[in-house]
Amino acid sequence: MPQKINLTEALKKYFGFDKFKGDQERIIQNVLDGKDTFVLMPTGGGKSLCYQLPSLLMEGTAIVISPLIALMKNQVDVISNLSEHEGTAHYLNSSLNKAAIDQVKADILEGHTKLLYVAPESLTKEDNVEFLKSIKISFYAVDEAHCISEWGHDFRPEYRRIRPIVNEIGEAPIIALTATATDKVRSDIKKNLGIVDATEFKSSFNRPNLYYEVKAKTKEVDKDIIKFIKQHPGKSGIIYCLSRKKVEELAAILRANDIKAAAYHAGLDSATRTQTQDAFLMEDIDVIVATIAFGMGIDKPDVRFVIHYDIPKSLEGYYQETGRAGRDGGEGICLAFYSGKDLDKLEKFMEGKPVAEQDIGRQLLVETAAYAETSVCRRKMLLHYFGETYDKENCGNCDNCLHPKTKIEAKDQLVTVLNVVQLVKENFRSDYVIDFITGKETEEILAHKHHELDEFGIGEDDDEKVWNPVIRQALIAGYLRKEVENYGLLKITASGKKFLKSPKSFMIVKDAEFSDDYEVALDHEGGTGALDPTLSAMLRDLRKKVSKRLERPPYVIFQDVSIDQMATDYPVTLEELKNIQGVGEGKVKQPYAKEFVELIAKYCEENEIERQVDLRVRTVAKKSMLKVKIIQSIDRQIDLDDIATAQGIDFDELLDEIDAIVYSGTKLNIDYFLEEVMDEDHIDDIYDYFSESDTDRLSVAQDELGKDYSEDEIRLVRIKFISEMAN
């Protein structure tokens, strides 16, 4: 029989709140009425209460299936603090010994336990199944339900077994809850749990208090993060990295720079993880550096910033992780660092997985890249991804809205896109449509013989960078839709057909450009100060004079990135010059180094410039040790591939480290390796190119030298050139 209870009184009695948030009351009543329930509620919306309160009011024990031990402990502690009786909430998972498990079972049998948290793995254990068959179950709550779907950002195959186990234990109503789910994921969850007819409650995904920003990821990223944290002293924040190694490294760098930080990832023992989590909740630690293992269900309302050191694998993951900021409605800054190289790494991670899984993974990455590169309102784009319309043109709380780009007319380009989508029978993804429009004879296009159509290459005279934003913004405007089930095939909508009949103005903003060649890129936003253009010009003049005197290209003296930083931070001693990116002990010992600091000192004195105290980013010994090991290995003429393997890094990362070593003034001789892996003529051609070029940028070198020379070859010879000419 449906239970009619004064829920506001129950809320006050058990949780001390005067009123419900959003749909909470309707959801709880639906559970009390014994109906299956599906809840889509953003992080911070109060999902947990939707199963906690009804469990306290109903007869029997509610089974909460949850993926993380940390979350279980956190929630059991919360309920235990609210209850007069011991054992009102318990968890069953791999962290408990036999005596503890026996105590949990005794409390349940005596009717004390209203909430039992179990991991999906524990739920399927035979002795647990037998035990649960013997008790009265009020309902099942499946938390983080997106884990069921392989289209979700955190797919867990064991979640697929929940329904068969529920059938075996004994049927009871099911409530499925998630903070992030697209339409595809939502239908997948309901189908898999056998609750297709569940009452659905969907809250708005808009979190107006969250500020979204994406910045170019440069070699300065550690420094950018340290500066940002120093500008927000004492505030709580989470930094997400993809690898455990990066988590450990960054946490150590933050601590070396007097920031109270700790690492958190699944490779740490559970005692360390618990201690770290508690220290964060108790504010003994300001910043947690973590893999995605951290944060699910962490009930800390005043996290003030969430930083993504690496771009996430999916927008669901990104949205859920950023959702941990500002849960109290206060300030929440969501900052992500992005570079094309990170996408390449994520693609490499997928190699070896089943083809269907790779297709899904790549499509999720395409959506993430689109979000990072877009110049439209980030809030509008996120909400559109989750099937919600955001009508405002400017949200006033993201980087793109605070610094809007000029719009351009793209009516003709949209007509072209819509016509081509129809022409190829709405059977292809956006990258195929763009390749067709721009006349690229890819293997796929040749296989479908679409290069033989008259319209092939119809847009090759337009700026190639216009097509992605046209398609993305046409999706938001509703002229196109993506068929997610079929890996993102573009379909034309009724509005799109109407537009083709009578085209009207279609204004778009071009995508932001992120340089892949980020070893020499520098992002000045958020720096210690603004670049001084007058000093920058004077330093470049001096560099030109020195380069002519020494008969070497200017970038060999100091890179642009170093000159720009000198014109920002005003180093006036050789010791301070060492803190400039690209300048190390070797560079400081060059006779010309003194000329630069003397020029800066004189300039500061004449212009009465008050210098800011330079932010010295202290590195950690481990990182310095890596450089020492690389130098020693090269001195012993060990193959570079073997050095990379021995140090547990990939070849690209090794070249990054060697670049940093030679650019900061240390001489390395890699001739032994070049002679083994490269053609002598190739070495000479690339060396000659750098001797005559006025830039050392890889992208420019690749364009100039052509396809016969690989990026690795160019990088290796550049190392030889810098080492010999600059050091």
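- Remark: the His308 side chain and the Glu321 side chain contain an N/O donor-acceptor pair separated by less than 3.5 Å.
- Applying the ring-ring contact (aromatic ring centres under 6.0 Å, His included) test to every pair with at least one member in residues 183-208, sequence neighbours left out, gives these pairs: Phe205-Tyr319, Phe205-Phe386.
- Salt bridge present: Glu393 and Lys380 bring a charged side-chain N and a carboxylate O closer than 4.0 Å.
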Verdict with supporting geometry, Asn400 and Tyr212, side chain to side chain donor-acceptor pair (under 3.5 Å): CA-CA 9 Å; Asn400 289 341; Tyr212 300 106; over 6 Å; no
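- A salt bridge between Arg160 and Asp188 is present, with a side-chain N of the basic residue lying under 4.0 Å from a carboxylate O of the acidic one.
- Taking every heavy atom of both residues into account, Val39 and Thr37 meet most closely at CG2-CG2, 4.0 Å.
- Remark: of the listed residues Ile27, Val142, Leu193, Asp36, Ile27 is the sole one forming a side-chain contact (heavy atoms from CB on, under 4.5 Å) with Ile175.
- Side-chain N/O atoms of Gln52 and Tyr14 include no donor and acceptor closer than 3.5 Å.
- Minimum interatomic distance between Ala325 and Cys334 (heavy atoms only, all atoms of both residues): CB-SG, 4.4 Å.
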Which atom pairs, donor and acceptor, lie under 3.5 Å between side-chain atoms of residues 167-174 and protein residues at least two apart or in another chain?
unit_1	atom_1	unit_2	atom_2	d
Asn167	OD1	Arg163	NE	3.1
Asn167	OD1	Arg163	NH2	3.1

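- The existence of a salt bridge linking Asp18 and Lys12 is confirmed by a sub-4.0 Å separation between a basic side-chain nitrogen and an acidic carboxylate oxygen.
- Between Asp143 and Lys47 there is no salt bridge, since none of the side-chain N atoms of the basic residue sits less than 4.0 Å from a carboxylate O of the acidic one.
- When only modelled atom types and interatomic distance are considered, Tyr385 and Glu316 share a side-chain donor-acceptor pair under 3.5 Å.
- A side-chain donor-acceptor contact under 3.5 Å links Glu248 and His265.
- With salt bridges taken as basic N to acidic carboxylate O contacts below 4.0 Å, one links Lys217 and Asp342.
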